[in-house]
Number of protein chains: 2
Amino acid sequence: MKNPLRVDEMINPHVSVDCVVLGFDGEHLKVLLVKQTGHEENGYYNNMKLPGSLIYNDEDLDEAAQRVLYELTGLNELHLIQFRAFGSKNRTKNPKDIKWLERFHQLNQKVERIVTITYLTMVKIDKKLTRLSDRYEACWMDIDALCPLAFDHNLIIGEALWFVRQYVQTQPAALFDLLPKRFTAAELRRLYETIYDRKFDVRNFHKRIAQMKYVLPLEEFQTGVAHRAARYYKFDRKLYNKLHGMGKSFNPDEHNEIY
Amino acid sequence: MKNPLRVDEMINPHVSVDCVVLGFDGEHLKVLLVKQTGHEENGYYNNMKLPGSLIYNDEDLDEAAQRVLYELTGLNELHLIQFRAFGSKNRTKNPKDIKWLERFHQLNQKVERIVTITYLTMVKIDKKLTRLSDRYEACWMDIDALCPLAFDHNLIIGEALWFVRQYVQTQPAALFDLLPKRFTAAELRRLYETIYDRKFDVRNFHKRIAQMKYVLPLEEFQTGVAHRAARYYKFDRKLYNKLHGMGKSFNPDEHNEIY
DNA sequence: GCAAAAGTGTTAGAAGTACACCCATGA
DNA sequence: TCATGGGTGTACTTCTAACACTTTTGC
């Protein structure tokens, strides 16, 4: 893992990666943002942006995205899904963003146009994201109530949402990255309702869970709740991989860039 | 539309677009390739590659892809789907490819690393691709029998195939771009069989067509065939758009980059 | 009349949808 | 005992998959 602040000629000021890290708090989808601070004529400003970085010439795109998230969260080997490139000639038109970039990366060269490759990943929101609040002042923001972000990052998050909705239809396993190790049927249902933006009938949803052979009921139940205690379930990834055969259906994971 | 050979400082030697243009000849999927010619120590070489180009600093990614295909085929307003970025640091390691690029674009600067944004489009193979054989010596190649191509273009085509298989599941309209204006049930079935790489029962497939309200049976039939003449059908895009509501399901077309 | 491809219906099982009441627990 | 959210079953519809013979045409 490289230090994103190393100053050398290996930085590539034309291409960046940005990561949309999604979390689920049981009610809403959240996205992980970092602070973009600096000063203009009229004092300091304090924007938010997606975690991201220019790439180095000696790293691949996926590596760059992994580096960004490792630096930010301490998490390694996250499952990153590349979902789109954003390359509008206008996306770096805000001088504030440009200045911030040049200072952040301590660049000698001028930044002109940047094409960014965007990645999506889903994490358990309660996971110890060790470095979260240190250097980058990262925080989870409700995805339906975002303020204006740097660059075109509002647009990117919007596209990520559309993407994830269609992604989980063929790759339901991704959803379980958003849930704790054990979860109740209601938690899973609320996650489905959030992603698909519609209600699911409780009884039918129980049947649906029963059909997901990779979701195993546990003999563990909630405690200390003021109502009937809910059963916990767990996601069995090995079973999932076996059942989904890695075969017929489209599985992007098998098709990584190994050129 | 710009001339891809204009020589100026506006070229961006760090980012390119490449287009996977798919066609269907009734039996197999075809991909449109262009010649990559040049000379090395031991004489001339004659490779094939995907149509593509470095981008200009004053054009967006989608515009660059449109330009490439306009130059190549004379076709405008093709429906282009951005499907992935390829940015391995090794993808430009072949000096032959680099030299070719520098000569083709008449560059003053050195080309080092290129991140390419790839687009997919589907066209009727019989369409008059007016400029096809002129400057670029383009031709349709069977997608299952490709020779080694320049850069990582074999890899890109492989990924495009995976992508299209999952794309048409949510966007079946794309398939009709591959067929002539009127087509028989058997032609449509063979296309499905090619894309999904499996057989479909003839009777069940007729029922399926009947359920596609946007596929209309015509009162026209084949002539001059040595067997019972097949009925022609046509795809009604307006009906399709109305029925698919542009609403619930994921529709990438609505989410273009308009930053 | 024969070779070649087109077209046509039924049945069984699986999956999806709609819908209302009792259960367990803490306060 | 009551408020809260958890859990359960049945009937109906829709979709999917399997399966075999007759039709039309050119040669």
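Below, read A as the first sequence line, B as the second, and so on, with proteins coming before strands; counting in each chain starts at 1.
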[X] [atom1] to [N] [atom2], straight-line distance once rounded to whole Å:
X	N	atom1	atom2	answer
B:H227	C:dG7	NE2	C1'	12 Å
A:Q222	D:dG5	CD	P	11 Å
A:R203	C:dC21	CZ	P	10 Å
A:N204	D:dA11	CG	C1'	12 Å
B:F205	D:dT16	CZ	P	13 Å
B:L218	C:dG7	CG	P	12 Å
B:H206	D:dT23	NE2	C1'	13 Å
B:R228	C:dA5	CZ	C1'	10 Å

request  = For B:F221 and for A:T223, locate the closest nucleotide of DNA chain C by heavy-atom distance; then report the residue assigned to the nucleotide nearer the 5' terminus.
outcome  =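 By nearest-heavy-atom nucleotide position, the 5'-most residue is B:F221.
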
Checklist line | Residue closer to the 5' end of DNA chain C, A:G224 versus B:R231 (nearest nucleotide) | finding: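 It is B:R231, whose closest nucleotide lies nearer the 5' terminus.
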
Worksheet item: Tell me, do A:T121 and A:L22 make a side-chain contact under 4.5 Å, heavy atoms counted?
Response: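 No - every pair of side-chain heavy atoms lies 4.5 Å or more apart.
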
Check your understanding: Quick one: on DNA chain D, does A:K207 or A:E187 contact a more 5' nucleotide (nearest heavy atom)?
Key ->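 Result of the comparison: A:E187.
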
* Return the 5'-most residue of the pair A:R190, B:D201 with respect to DNA chain D, ranking by each residue's nearest nucleotide. =>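 The residue closer to the strand's 5' end, by nearest nucleotide, is A:R190.
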
Worksheet entry | Pair B:F205 + B:Y192: ring centers closer than 6.0 Å |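 That pair passes the under 6.0 Å test.
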
Can you tell whether the side chains of A:D152 and A:K49 come within less than 4.0 Å, N to carboxylate O?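 No.
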
- Message: Looking at A:Y233, I'd like to know if the NZ or CZ of A:R182 sits under 6.0 Å from its six-membered ring centre while staying within 45 degrees of the ring's axis.
- Response: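 No, cation not above the ring by the 6.0 Å, 45° rule.
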
| field | A:A226 side chain, from C-beta outward: closest of C:dC19, C:dG16, C:dG26 | value |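 Minimum distance to the A:A226 side chain belongs to C:dG26.
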
